[in-house]
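The next block holds one structure in the form of structure tokens; read it before the comments.
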2 protein chains.
Amino acid sequence: MKDFETFKELQRKQKAYQYILTLASWDSNTEAPKESFPFRSEMLGIISGEHFSLMTHKEYVETVNDLFNNSEDLNERQKREIEKAKKNLDKIVKIPKKDYIEYSKLLNNAQKVWEDAKEDSDFQSFKPYLEKIIAMKKKMVSFRQKENEHAYDVLLDDFEEGMTMEKYDTFFETVKKDLVPFVKTILKKKSEKTASFVNKSYPVDKQKAFVEYLLGVFDFKKNRGVLKESVHPFTWNTHSKDVRFTTSYHEKYVFSSIFAAIHELGHATYEQQVDEVFDMTNLKSGASMGIHESQSRFYENMIGRSKPFWNTHLSKFKSMFPSQMKNIEVDDFYAAINRVDESFIRIEADELTYPLHILIRYEIERMIFNDEVSVEDLPSIWNEKVKTYLNLDVEEDSQGILQDVHWSNGMFGYFPTYALGSAYAAQIYYTLIEDIEFETLIEENRIDEINKWLRHKIHCYGSSLKPREIIEKVTGEPFDPKYYVRFLKDKYSDLYLK
Amino acid sequence: MKDFETFKELQRKQKAYQYILTLASWDSNTEAPKESFPFRSEMLGIISGEHFSLMTHKEYVETVNDLFNNSEDLNERQKREIEKAKKNLDKIVKIPKKDYIEYSKLLNNAQKVWEDAKEDSDFQSFKPYLEKIIAMKKKMVSFRQKENEHAYDVLLDDFEEGMTMEKYDTFFETVKKDLVPFVKTILKKKSEKTASFVNKSYPVDKQKAFVEYLLGVFDFKKNRGVLKESVHPFTWNTHSKDVRFTTSYHEKYVFSSIFAAIHELGHATYEQQVDEVFDMTNLKSGASMGIHESQSRFYENMIGRSKPFWNTHLSKFKSMFPSQMKNIEVDDFYAAINRVDESFIRIEADELTYPLHILIRYEIERMIFNDEVSVEDLPSIWNEKVKTYLNLDVEEDSQGILQDVHWSNGMFGYFPTYALGSAYAAQIYYTLIEDIEFETLIEENRIDEINKWLRHKIHCYGSSLKPREIIEKVTGEPFDPKYYVRFLKDKYSDLYLK
């Protein structure tokens, strides 16, 4: 019978490998020179192999299983650690090695094929890979499916512990019933063009200076983190005292840079505020994809796209871009950064139409794992749904089904967490504004007090609580999408229907 | 009997650990947030431990020893690989583990003590540590000393393969006999003050832009390397396609930034030009400390501080700093960047007085390992030598014996390679100018052709040749310090005695 100390010691060693591999991946994404990649992938392959051996080592497997089956003497936190370890273990050890390798190779090759297919808008070339990925994914899931468990439920739970098709169905029904018609109403009233200042040229070095200013506004702790640039913005952490995130700068899309930075600042603040007692455990990071996304969306949308925020910071922005921003007042600005418009591309969508993009993906993934559709038909199904929900005609698969990287990476069940995150954020928002003077704090540039509330209520727990537990603990009730609908309706009625 | 394939396979795994640890150290030196250090040192300690286990693993030790003792079937390159591996192995496995750990701990502690002692200019607090380091160093060397081999010879060879006290004595005798009196003559003629433009303010962002311009001038391959900032400039590489170096920028010391960058560019170009056949072997990097330093000094002094270089690039520099550089012509500029002056601090010394700083350190290290001196007396001996060679009165140990980090790190035998590097550079220089139109190439901004010559003659070999072999192959004769004396006398007579 293994003891918890053995588990901790074995985890510690695994953590060292995770740590150094994460550092290497940060380096790959932010500065490694182009020609170094063949060599580095060979070297990192060796270290990953060592890491994998540790994760599947007999002693570790026995220890986790022993503790999982005999957890009477563990305290709550230890039980949670073992539960998480067991879950992660089963994802690996239940898969036959042969299949694991075959699947990894497939994904490696599919990546490049998808990139080219997207570039050429050529679904046919990606099709056989997608077919194979879906077949392999179903096979992989079958090894760890419980009796009567739906394959898609396994995947949904991978990305958001506790979520099922049944729960997401309820959520997306609400989106369909309440938001789809509302979006149609708003789109009829939308302004015909974006305001001219939005797409002017904003020199990148000044954008950087403004984002630097935002780090101060959001009270990001620079002695515990790093901001850098990468092609796609992301946040990563190894523990609460080393949290790194990136944004990307585009001269012609200043608001894309700024809101990406604020979005990632939400993720990063979450990670910086996890209690340090979890640093050396597998509970060190955020509670789930959905809860993480709720925080990034909260910072981006509830704070960053609010009027109080720009009441306070627009003057700074104008002082840095006086010619581009000449004669622009807060109301114009607020309207422009919250403009609603139909769009083909999910990552360019505004706050209001965004969940419709997710709805489309959820419905398709559901069909795939219900065996209701052949890959051949996916593009036309995609396009029909875009027509139904967004009233747009997809003309090229590159702006349709080929736009996202996820499926080529085998990530099914991931998309719904994006919409769920926004919905969590709204529910949290309505509790928070009861508790603290949200708008006043923003206007008085005291976001550190909002951080404090979120730390106390959510961040400090790391993943020692499950997403469901977090929501109930914070808001006093189970997750309910009505808050999301209410938030969007209130905000956009105010903007468009008055 | 182990075969060479086994050796290669074991090396490959060690290399993966070296690679990832070097990446982590690059990160520590260039961007890791301050508060991450306790955690990272714990994590990196685990990975270093794994690396150490591989380097001392029974199978590896047997393989290297077998191949070293039975090298008949190996080709020349393989023999060289085994010779280097055997040398590195003996440095580790001959030391009892107990002593190894004790010594590592001592150095760890000494580091902080030295920093504080330097800060407070308090030699007495560092003294017991230095005594212990020297005693331990002598003990550590004793485990691998051959019969009749001098302890200091072991250390000199560690940093520059093939060098001995006897050879360095000859070298430094020449420095003493020919350069010390010459420096005295020059110092009598030196200009009283630095030119006023030297210490004006040069905005850091423009300095960066100028260094970026220099990367192009020196044909640094950016798809195979990275330039970044750090407190102390350095260069590091994992293989020829991933070479990284740093410089540091100081608003009031523009020339320090620029020449540090060119110096490191020399190291970096060397590493980028090593033949890629060595990438996966232990011959992948430069031939030795001395040869490496010869290249950095060559780029810095022979190219960067030459008149032809600034004939071509001064106009660019002036266009970037028009007010600071108003009315400055090439002759003023050339004189200013080659100004000779007495100074206490080695790293601030000019090209001509630099070897005198090294002479002082060499003579003291020699006394230490000849047991001719007690640590108690070192500060006064240091100060006497500074008086003799540089005619300066040291008033504080912080600008005397406490100035360098090396001894607190146990690095004895390292200093002499700095002077040797400059001397190698001069000898190489006189061969090179016979072969190619050096000054013309510089003036015509064709430094890539100088790179090409150096690649062909030196860089491509990595460390498959020993330093002695490189010098003989390139210049057709053994190392001879007369070229160094000649170079300095010619250059500085021209500047000061005409």
Side-chain angles (χ1 to χ4, degrees), chain A residues 9-28 30-51 53-54 205 208-209 220-228 237-244 268 272 276 279-280 284, chain B residues 9-28 30-51 53-54 205 208-209 220-228 237-244 268 272 276 279-280 284:
Chain A
E9 195 47 41
L10 294 170
Q11 276 266 309
R12 196 166 153 269
K13 198 163 172 183
Q14 288 182 26
K15 201 160 275 297
Y17 280 86
Q18 277 163 27
Y19 171 70
I20 201 146
L21 285 164
T22 316
L23 267 192
S25 120
W26 168 257
D27 183 83
S28 297
T30 59
E31 74 178 44
K34 215 172 159 186
E35 290 191 30
S36 71
F37 280 82
F39 176 82
R40 71 193 284 119
S41 73
E42 187 180 346
M43 296 291 98
L44 295 178
I46 293 172
I47 304 293
S48 301
E50 299 279 298
H51 182 216
S53 301
L54 291 177
D205 57 338
K208 287 185 188 175
F220 179 73
K221 302 286 187 289
K222 288 178 85 172
N223 52 352
R224 300 165 151 228
V226 178
L227 164 66
K228 229 166 143 188
N237 85 312
T238 53
H239 64 133
S240 60
K241 297 193 190 65
D242 193 354
V243 177
R244 306 186 184 197
Q272 283 198 330
E276 63 179 18
D279 274 348
M280 290 301 294
K284 71 174 173 61
Chain B
E9 195 47 41
L10 294 170
Q11 276 267 308
R12 197 168 151 267
K13 198 162 172 185
Q14 290 183 25
K15 202 161 273 298
Y17 280 86
Q18 277 162 29
Y19 171 71
I20 201 145
L21 284 164
T22 316
L23 268 193
S25 119
W26 168 257
D27 183 81
S28 297
T30 60
E31 73 179 44
K34 215 171 158 188
E35 291 190 29
S36 71
F37 280 82
F39 177 82
R40 69 193 287 120
S41 73
E42 187 181 346
M43 295 291 98
L44 296 178
I46 293 172
I47 304 293
S48 301
E50 299 279 296
H51 182 215
S53 301
L54 290 177
D205 58 338
K208 286 185 187 174
F220 179 74
K221 302 285 187 289
K222 287 178 85 172
N223 51 353
R224 298 166 153 226
V226 177
L227 164 66
K228 230 167 145 188
N237 84 312
T238 53
H239 64 133
S240 60
K241 296 192 190 67
D242 192 354
V243 177
R244 305 185 184 198
Q272 284 198 329
E276 63 179 17
D279 274 347
M280 289 302 294
K284 71 173 174 60

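Just so we're on the same page: letters track the sequence lines, and every chain starts at 1.
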For this session: Hey, can you tell me if F39(A) and H239(B) have their rings parallel, tilted or perpendicular (30° and 60° cut-offs)?
Result: parallel

Exercise. Do D27(A) and W26(B) touch side chain to side chain, with heavy atoms closer than 4.5 Å?
Worked result: yes

Problem set entry | Non-hydrogen atoms of R12(A) and M43(B) that approach each other most closely | O-CE, 4.2 Å

Exercise. Which bit of K222(B) is near chain A, if near means a heavy-atom gap under 4.5 Å: side chain, backbone, both or neither?
Worked result: backbone

Problem set entry | Residue part contacting chain B, namely of N223(A), when any heavy atom lies under 4.5 Å | both

Exercise. Which bit of E50(A) is near chain B, if near means a heavy-atom gap under 4.5 Å: side chain, backbone, both or neither?
Worked result: side chain

For this session: Measure distances from R40(B) to the heavy atoms of chain A and classify the residue's part below 4.5 Å as side chain, backbone, both or neither.
Result: both

Problem set entry | Heavy-atom proximity to chain A below 4.5 Å, by part of Y17(B) | both

For this session: Go through K15(A), Q18(A), K34(A), E42(A) and name the one with the most non-hydrogen pairs under 4.5 angstrom from chain B.
Result: E42(A)

Problem set entry | Toward chain A, the part of L23(B) with a non-hydrogen atom under 4.5 Å | side chain

For this session: Go through A32(A), G49(A), S36(A) and name the one with the most non-hydrogen pairs under 4.5 angstrom from chain B.
Result: S36(A)

Problem set entry | N-O pairing of E31(B) and R244(A) below 4.0 Å | yes

Problem set entry | Nearest non-hydrogen partners of P33(A) and G225(B), listed with the distance | CB-N, 3.3 Å

For this session: Supply the atom-to-atom distance I47(A) CD1 to K13(B) NZ, rounded to the nearest 0.5 angstrom.
Result: 9.0 Å

For this session: Name the member of I46(A), V226(A), D242(A), I20(A) that forms the most heavy-atom pairs with chain B at distances under 4.5 Å.
Result: I20(A)

Exercise. Which bit of S240(B) is near chain A, if near means a heavy-atom gap under 4.5 Å: side chain, backbone, both or neither?
Worked result: neither

